[in-house]
Amino acid sequence: MSRKTLIAAVAALAAFATQTAHADDVVRLGNLKFAHYGAISYMKEIGPKYGLKIEERVFPKGIDILPAIVAGEIDAAASAVDAAIAGRASGVPIYAVAGFAKGGARIVAKPDAGVKTIADLKGKKVGVPRGGAQELVLLAELAKHGLSWSDRGGKDVQILYMAYADLNQALAAGSIDAMSQSEPQSSQAINKGFGVEVIKPYDTELGEPVRSLVVTEDFYKKKPEVAERFIRCFVEATATFLSKPELAEKYVRETVFKGQITSQDYQDAIGNSPFSYDITVEHVQVTTDMMQKYGVGRMNTPPKAAEWVKLDLLAKAKTAVQVN
């Protein structure tokens, strides 16, 4: 090999090594299309700062992400805590590593349905997605007010299970009398005049439901350094949305919802589902116990929260990004 050829080969090798060293690590992220999931979506915009290429995939419901995790197609996901609990109970190998929003639920009735309180739901049809936070808070409220329920009729309240996307249409059409809905859809129903708020359902032992950021066990154990950068990215994205509300609104309305929600819809939605970082073992355990009590998630062996809620990466990230 000539000296010229050798120099060229060394230069090519050095260029390849440099490129490889600076290549972004890919993180496959499952997400949902709700206002309070906006900071999770924003992570892909700042991912390169942390050496990450975040590939976002949007699912209809949190529980729909679980098969993709089992299939090895997703490394991290955003969902309600109850969906994560149900997944863990069925053997999906995930850890809850942060909480990214709280609240985000509202029970809304037709203006002419005569429903002012939860007690007024007796004899009514109520729509709700199956297996989500909205179902759990609805059942907790019904139980608190001594109302029975069934999706087959014959009880105080008839439950109709349907997709998030179908609830508002059903309420507007009069197919249901009320709904337990997420944000910003519940705010949209109110702002468009075909819904009125009955209650923000946070006065049971569950309190405000928390949304969880989960990662796979393999991602947590086999790529700890990447997982640490990923959580730092999450904390910065959330801190950015909290400190720059105008940016947060612009991103959610224009990038996530493509102009489909108004500024008022967004403000009302985030007012009922503020961005956050935190989750606790205690809240996950209370949610697990209530799911078992009301049959949400159909768990044979409920997982113990202390065994799969891992908050070490979040603590490090909050220190690094300097947030409380």
Side-chain angles (χ1 to χ4, degrees), residues 30-38 41 57-68 77-80 82-83 86 101 103-115 118 120-121 123-142 149-153 155 157-201 209 211 252-253 256-262 264-266 268-269 272-273 294-298:
N31 201 9
L32 305 179
K33 188 178 178 180
F34 296 118
H36 44 303
Y37 286 63
S41 186
R57 180 175 164 190
V58 178
F59 291 78
K61 300 195 301 292
I63 202 165
D64 295 332
I65 304 176
L66 300 175
S79 75
D82 41 90
R106 199 186 316 239
I107 296 176
V108 176
K110 282 187 61 184
D112 60 354
V115 178
I118 294 296
D120 296 330
L121 291 175
K124 306 296 185 183
K125 296 179 179 179
V126 182
V128 64
R130 185 187 292 276
Q134 284 67 36
E135 182 185 12
L136 186 57
V137 296
L138 172 63
L139 301 188
E141 288 288 348
L142 295 178
W149 64 85
S150 173
D151 60 346
R152 298 184 178 87
K155 300 293 184 179
V157 178
Q158 183 175 356
I159 301 291
L160 281 73
Y161 290 107
M162 55 185 68
Y164 290 104
D166 297 332
L167 283 172
N168 281 24
Q169 184 177 351
L171 188 70
S175 303
I176 55 177
D177 301 297
M179 64 180 181
S180 183
Q181 176 64 296
S182 188
E183 294 288 3
Q185 290 86 346
S186 59
S187 290
Q188 282 184 306
I190 294 167
N191 291 335
K192 290 183 178 180
F194 62 84
V196 293
E197 178 180 304
V198 178
I199 191 175
K200 294 181 180 72
R211 304 304 186 274
V252 172
R253 290 182 57 210
V256 177
F257 281 91
K258 311 297 183 186
Q260 295 171 335
I261 64 173
T262 67
Q264 190 64 56
D265 291 337
Y266 174 82
D268 292 347
N272 185 32
S273 53
Y294 299 125
V296 175
R298 297 183 175 86

Self-check item: Shortest non-hydrogen contact from Leu32 toward Ala78
Solution: CG-O, 4.0 Å
Self-check item: Among Ser180, Ser187, Ser273, side-chain hydrogen bond (donor to acceptor under 3.5 Å, both in side chains) partner for Arg106
Solution: Ser187
Quiz item: Less than 4.5 Å apart, any side-chain heavy atom of Val126 and any of Ile107?
Solution: no
Quiz prompt | Heavy-atom side-chain proximity of Glu141 to Leu121 below 4.5 angstrom | solution = no
Quiz item: Do Leu171 and Lys110 come close enough that some side-chain heavy atom pair is under 4.5 Å?
Solution: yes
Practice problem: Would you mind reporting whether Phe194 and Asn168 have side-chain heavy atoms less than 4.5 Å apart? | Solution: yes
Self-check item: Minimal non-hydrogen separation, Pro129 against Lys61, with atom names
Solution: CB-CD, 4.5 Å
Quiz item: Between OG of Ser186 and CE of Met179, what distance do you get to the nearest 0.5 Å?
Solution: 6.5 Å
Quiz item: Does Val58 offer a backbone N or O that forms a donor-acceptor pair with the side chain of Asn31 under 3.5 Å?
Solution: no
Exercise. Look up atom CD in Gln158 and atom CD1 in Ile176, then write down how far apart they are to the nearest 0.5 Å.
Key: 11.5 Å
Self-check item: Heavy-atom side-chain proximity of Ile190 to Asp268 below 4.5 angstrom
Solution: no
Practice problem: Kindly say whether Ile261 contributes a backbone atom to a donor-acceptor pair with the side chain of Arg253 at under 3.5 angstrom? | Solution: yes
Quiz item: What's the verdict on side-chain hydrogen bond (donor to acceptor under 3.5 Å, both in side chains) for Asn272 and Glu183, showing C-alpha distance, side-chain angles and the deciding distance?
Solution: CA-CA 8 Å; Asn272 185 32; Glu183 294 288 3; 2.9 Å; yes
Self-check item: Residue pair Lys155 / Ser150: nearest heavy atoms and the distance that separates them
Solution: CG-CB, 3.4 Å
Quiz item: How about Ser79 and Phe59: do any of their side-chain heavy atoms sit closer than 4.5 Å?
Solution: no
Quiz item: Any sub-3.5 Å donor-acceptor pair from Lys124's side-chain atoms to Ala113's backbone N or O?
Solution: yes
Practice problem: Can you see which heavy atom on Leu142 is nearest to which on Val157, and at what distance? | Solution: CD2-CG2, 4.0 Å
Quiz item: Can you name the nearest heavy-atom pair linking Pro111 to Gly193, along with the distance?
Solution: CG-O, 3.5 Å
Practice problem: Mind listing the closest non-hydrogen atom pair of Leu167 and Gly127 along with its distance? | Solution: CD2-C, 3.4 Å
Return a table of donor-acceptor pairs under 3.5 angstrom between the side chains of residues 132-139 and protein atoms on other chains or two or more places apart.
from, atom 1, to, atom 2, distance (Å)
Gln134, OE1, Tyr164, OH, 2.9
Gln134, NE2, Gly104, O, 3.4
Glu135, OE1, Gly131, N, 2.6
Glu135, OE2, Tyr161, OH, 2.7

Quiz item: Would you say the side chain of Gln169 lies within less than 4.5 Å of the side chain of Met162, judging by non-hydrogen atoms?
Solution: no
Self-check item: From Asp82 atom CG to Tyr294 atom OH, the distance as rounded to the nearest 0.5 Å
Solution: 14.0 Å
